[in-house]
2 protein chains.
Amino acid sequence: MGLRERKKVQTRNALIDAALELFLTQGYEATTIDQIAARVDVSPRTFFRYFSSKEDVALSLPADSQEIFLAEFAARPDSESPYAALSASMRAMIGTLRDKDPEEAARFLKARRLVDETPALLAGQMRLLMENEKRLVAEVARRQGTSPDDLRPQFVVSIFTGLGMICYNAGPEGLDIMARRLDDVLTLADRSLRPGWDLAAADASSSAAG
Amino acid sequence: MGLRERKKVQTRNALIDAALELFLTQGYEATTIDQIAARVDVSPRTFFRYFSSKEDVALSLPADSQEIFLAEFAARPDSESPYAALSASMRAMIGTLRDKDPEEAARFLKARRLVDETPALLAGQMRLLMENEKRLVAEVARRQGTSPDDLRPQFVVSIFTGLGMICYNAGPEGLDIMARRLDDVLTLADRSLRPGWDLAAADASSSAAG
DNA sequence: TAATTTATGTCACCGCATGACAGATGACAA
DNA sequence: TTGTCATCTGTCATGCGGTGACATAAATTA
């Protein structure tokens, strides 16, 4: 890897660190791009060459974790039911996060804390989630053998997204807490849902695109 | 009602109409506050005296409908289970919308269409939803006899929120379609969930606040 | 009509975000 | 090492969103 590339990731990480630091101490809105740039000794214009917006830098780590989740999901064997694959991917994501070096894990937790206490960022995170939702629905539909326009894959994804939010948003206290919370939620789900609920049952189609 | 008040609601509605019109024809981001204000013959500064942001005017109608839902929910008898009360409130909300005068219903549908095709607004709508979520969880906890910090009321609300999103977001084509979609989703839910799933079962507590 | 309240317009200002251009710096071949 | 090229960066200018301050116009009340 050349010097140029190394410098780039270095600047990028520095910007993230500076941003998180300032956001957490002064508050998200109270922090300006100029302050972040100044702390990294970079022009404000350069900030926007690394991140498309103020929100972007705050959500870059959560966005990464979502990408990890999606990658895990895509890698699950077809033998698993949609819901089983989704649950396993969630567990795998937490595991992956835990295996990273401590520095990066700390960054992630900082970001999680920040998002948790900033409504605007919570909304942004939801937006990320929704952008991925289509991909998720498509994959679930494939596993079910139904159409992505069908109500059933959307149903499964919606249910799971709700569960994911509970444990994801409840875990700025550490990845262990988050993992435990996930277990609790999945236990609750097992108790509430009928076996095979996520498989393509008889009718209930009523396609109709959104 | 005095002239002053009448003028205010008039201006407000004019701003909403102008905004929706421009948003739908030019696109949300491509439309400026100045354009909206100009169309109503009002200074841009005045726009912000009626709406706190560009997003606010676009989401004012969806926000209203959420308020209606919450009001309906608060009015449901305690004899209903949490999930039953939530479902009934959703139906009632659609009914209330349908009973309004056609002009206002048209505005609502316009807003729904707009939100549907604008990711930023979709996210904003989710933010509104999440702001109300606490209230919802508290009410469900009361009905269950559990603590709002408990996982179970959160679980019920999350599940229902997912279902609500499916039918809500699928209905820019009219309130009738939206009602039918709701029926389909609830049917699917009845088939997937065990009877009494939304009641406070044995343990599964593991409180832990977010 | 006079006094008070309140809505509106004007002006100034800040922060976010983007395009354009010039200069600095690393990459690479001779 | 040197020269060329690609790319990163800083500076400048601009537009839009959003807010505070103040004066003016309009409605309310007496």
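Only this structure's heavy atoms are used, side chains among them; waters, hydrogens and symmetry mates stay out. Order of the sequence lines sets the chain letters (A, B, ...), proteins ahead of strands, with each chain counted from 1.
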Subject >> Phe160(B) side chain reached by Met90(B) side chain, heavy atoms, under 4.5 Å >> reply: yes
Subject >> Lys54(A) (side chain) donor-acceptor with Tyr28(A) (main chain) under 3.5 angstrom >> reply: yes
**OP:** Please report, rounded to the nearest Å, how far the C1' atom of dG18(D) is from the CD1 atom of Ile36(B).
**Re:** 13 Å
Subject >> Taking every non-hydrogen atom, the tightest pair across Arg143(A) and Arg76(A) >> reply: NH2-O, 3.0 Å
Original post:
Rounded to whole angstroms, how far apart are CD1 on Ile33(A) and C1' on dT9(D)?
Top reply: 17 Å
Subject >> Carboxylate-amine/guanidinium contact Arg181(B) Glu173(B), below 4.0 Å >> reply: no
**OP:** Give one of base, sugar-phosphate or nothing for Thr32(B), where a contact means two heavy atoms less than 4.0 Å apart.
**Re:** sugar-phosphate
**OP:** Check the distance between dG18(D)'s C1' and Asp34(B)'s CG and give it to me in whole angstrom.
**Re:** 12 Å
Subject >> Given Leu121(B), Asp116(B), Val115(B), the one that forms side chain to side chain contact (heavy atoms under 4.5 Å, CB included) with Thr118(B) >> reply: Leu121(B)
Original post:
Given dG17(D), dG9(C), dG10(D), which nucleotide is nearest the side-chain atoms of Val42(B)?
Top reply: dG9(C)
Subject >> Gap between atoms CG and P, on Leu3(A) and dT7(D) respectively (whole Å) >> reply: 16 Å
**OP:** Measure across Leu129(B) and Thr161(B) and return the closest heavy-atom pair with its distance rounded to 0.1 Å.
**Re:** CD2-CG2, 2.9 Å
Original post:
Whole Å only: how far is the CD atom of Glu5(B) from the P atom of dT8(C)?
Top reply: 13 Å
Original post:
In whole angstrom, what separates Glu55(A)'s CD from dA17(C)'s P?
Top reply: 9 Å
Original post:
Whole Å only: how far is the CG atom of Asp41(B) from the P atom of dT10(C)?
Top reply: 11 Å
Subject >> Heavy-atom closest pair, residues Glu72(A) and Ser89(A) >> reply: C-OG, 3.8 Å
Just the atom pairs and distances: protein N or O near nucleotides 19-22 of chain D's N or O, under 3.5 Å.
residue : atom : partner  : partner atom : Å
dG20(D) : N7   : Arg45(B) : NH2          : 3.0
dG20(D) : O6   : Arg45(B) : NE           : 3.0

Original post:
When you check the phosphate oxygens OP1 and OP2 of dC8(D), does a side-chain N or O of Tyr50(A) lie under 4.0 Å from one of them?
Top reply: no
Original post:
Can Arg135(A) and Glu67(A) be counted as an ion pair, charged N to O under 4.0 angstrom?
Top reply: yes
**OP:** Evaluate the side-chain proximity of Leu86(B) to Asp198(B): yes if any heavy-atom separation is below 4.5 Å, no if none is.
**Re:** no
Tabulated below should be each protein N or O lying under 3.5 Å from an N or O of nucleotides 3-6 of chain D; please produce it.
none

Subject >> Lys/Arg N to Asp/Glu carboxylate O, Arg142(B) vs Asp78(B), below 4.0 Å >> reply: yes
Subject >> Expected output: side-chain Arg112(B) to main-chain Tyr168(B) donor-acceptor under 3.5 Å >> reply: yes
Subject >> N/O (side chain, Thr46(A)) to phosphate O (OP1/OP2, dT9(D)) under 4.0 Å >> reply: no
Original post:
Near DNA chain C, which residues from residues 6-24 of chain B have a heavy atom under 4.0 Å away?
Top reply: Lys8(B)
Original post:
Which whole-number value in Å describes the distance from Glu29(B) CD to dC16(C) C1'?
Top reply: 14 Å
Original post:
Quick one: which of Phe155(B), Phe73(B), Trp197(B) gives a ring-ring contact (aromatic ring centres under 6.0 Å, His included) with Tyr83(B)?
Top reply: Trp197(B)
